[in-house]
There are 2 protein chains.
Amino acid sequence: MASETGKQDEVLEKAREKFRNFLGTKGLRITNQRLAILDACFRMEKHFIAEQLLEVAREIDRSVSRATVYRSLPILTESGLVREIDVGRDHKFYMADRGRGSNRVQVVCVNCDKIFELDAPFLEWYANSASQKVGLKAESIRLQVLARCDGHRCDNCTGDNMQENAPHKHEH
Amino acid sequence: MASETGKQDEVLEKAREKFRNFLGTKGLRITNQRLAILDACFRMEKHFIAEQLLEVAREIDRSVSRATVYRSLPILTESGLVREIDVGRDHKFYMADRGRGSNRVQVVCVNCDKIFELDAPFLEWYANSASQKVGLKAESIRLQVLARCDGHRCDNCTGDNMQENAPHKHEH
DNA sequence: ATAACTGCAAACTGTTTGCAAGCGA
DNA sequence: TCGCTTGCAAACAGTTTGCAGTTAT
């Protein structure tokens, strides 16, 4: 448990440093609110929406406002520290990027709204291939499956939320 | 050209019939507005948004209102006559389903907002495989590539819109 | 010092909804 | 006739923005 916590701290420390660097490079200022929002992102184990982020960020710094959360999310996304995951539901989801990269499939349960993620290494190659076919240059890719737990509720519904994926290898 | 038009009429006639059947089966009523909206969908060559659909539907039946368009789209989608394509931009896009099925990739140009579509037959298999891994049952899948025309504008930007795809075979 | 940043509240945008009137079966 | 459908306008939800005060550099 101690080593777990230590590992998380290390991840957070790296993220903070990367964020400071990013802000510096871009000529943006390092503010308490931005740091609080970054920390909040990494406190979340799973995918989160802006409103939840606001809540957690406020636990860290009372002064954080909704507007600042919304203004910070694009910055965090651009810095690569946070991934935006739009599954076409009501809200956009976000998730701290803990180094898994973005070649992933999201399996979204339409019953419980939870998001599972799986690795899909072939995605990058595929994006390039498809873009080239129409004369464009790939920038990002998104592969999502809407699915449901037929009748019985899925593990995720009943138990707690382990949607923070299990990597798998099969890529055909 | 005559044969082209003839073919389109045939497609439309089939769509109307399918729609009538669907409505009947579901105990929904066949109204002029719903028929006008269906026709409008098939008048659009490319992807469209609700507002554009309203405009065209009104050319067919002056009385069609925005509310009815929004209320009809889910019905049309459920009937399989129209596909909903959410690319995570501001609007949702829709497109009449002319029998190509839904195993397709969308390549979205971030410069001109146009959507190219390509066949991706492996998608269905992949959706099932991924869903199974997390214990769910696949319902629909979505594969999208955001891309840009690096520097020069893409064919689609300059010319007219041929985003109504070119099928391709490569599926690895 | 000064330009970037912030919170607040109002504005926006696409979509949904309540309601009374209309109309298909 | 009966109740599903409709148009209208108001409501909604998530997000963005203008502004005046605050703060990092």
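Scope of the values below: all heavy atoms of this structure, side chains included, with no hydrogens, waters or symmetry mates. Within every chain, numbering begins at 1; the chains are lettered A, B, ... in the order of the sequence lines, protein sequences first and strands thereafter.
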Identify each atom pair where a protein N or O and an N or O of nucleotides 11-15 of chain D are less than 3.5 Å apart, giving names and distance.
{"unit_1": "D/dG14", "atom_1": "OP1", "unit_2": "A/His91", "atom_2": "ND1", "d": "3.3"}
{"unit_1": "D/dG14", "atom_1": "OP1", "unit_2": "A/His91", "atom_2": "NE2", "d": "3.4"}
{"unit_1": "D/dT15", "atom_1": "OP2", "unit_2": "A/Tyr70", "atom_2": "OH", "d": "2.3"}

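- We find that CG of B/Leu38 is positioned 17 Å from C1' of D/dT5, with the value rounded to whole Å.
- Between the C1' atom of C/dT6 and the CG atom of A/Leu35 lies a distance of 14 Å, rounded to the nearest Å.
- Going from atom CZ of A/Arg71 over to atom P of C/dC8 covers 11 Å, rounded to whole Å.
- The aromatic ring centroids of A/Tyr126 and B/Tyr126 lie 6.0 Å or more from each other.
- Contacts between residues 14-33 of chain B and DNA chain D, defined by a heavy-atom separation below 4.0 Å, involve B/Leu28, B/Arg29, B/Thr31, B/Gln33, listed by number.
- Screening A/Arg83, A/Lys46, A/Arg98 against A/Glu117 for a salt bridge (Lys or Arg N to Asp or Glu O under 4.0 Å) leaves a single residue, A/Arg83.
- Ionic pairing of A/Glu51 and A/Arg66 is present here: one or more N-O contacts between side-chain nitrogen and carboxylate oxygen are shorter than 4.0 angstrom.
- Ion pair A/Glu13/A/Lys18 not flagged as a salt bridge, since none of the NZ, NE, NH1 or NH2 atoms sits closer than 4.0 Å to an Asp/Glu carboxylate oxygen.
- Distance CG (A/Leu73) to C1' (D/dT17): 16 Å, rounded to an integer number of Å.
- Ion pairing between a basic and an acidic side chain is recognised when a charged N comes within 4.0 Å of a carboxylate O; A/Arg104 and A/Asp119 show such pairing.
- Rounded to whole angstrom, the span from the CG atom of A/Asp61 across to the P atom of C/dT6 amounts to 10 Å.
- B/Glu84 has no carboxylate O lying under 4.0 Å from a charged side-chain N of B/Arg142, or vice versa, which leaves the two without a salt bridge.
- Under the 4.5 Å side-chain heavy-atom criterion for Ile, Leu, Val, Met, Phe, Trp and Tyr, A/Ile49 and A/Tyr70 are members of distinct hydrophobic clusters.
- Taking 4.5 Å as the limit, every side-chain heavy atom of B/Gln144 sits out of range of all side-chain heavy atoms of A/Leu143.
- Atom CD1 of B/Ile75 is separated from atom C1' of D/dC4 by 11 Å (rounded to the nearest Å).
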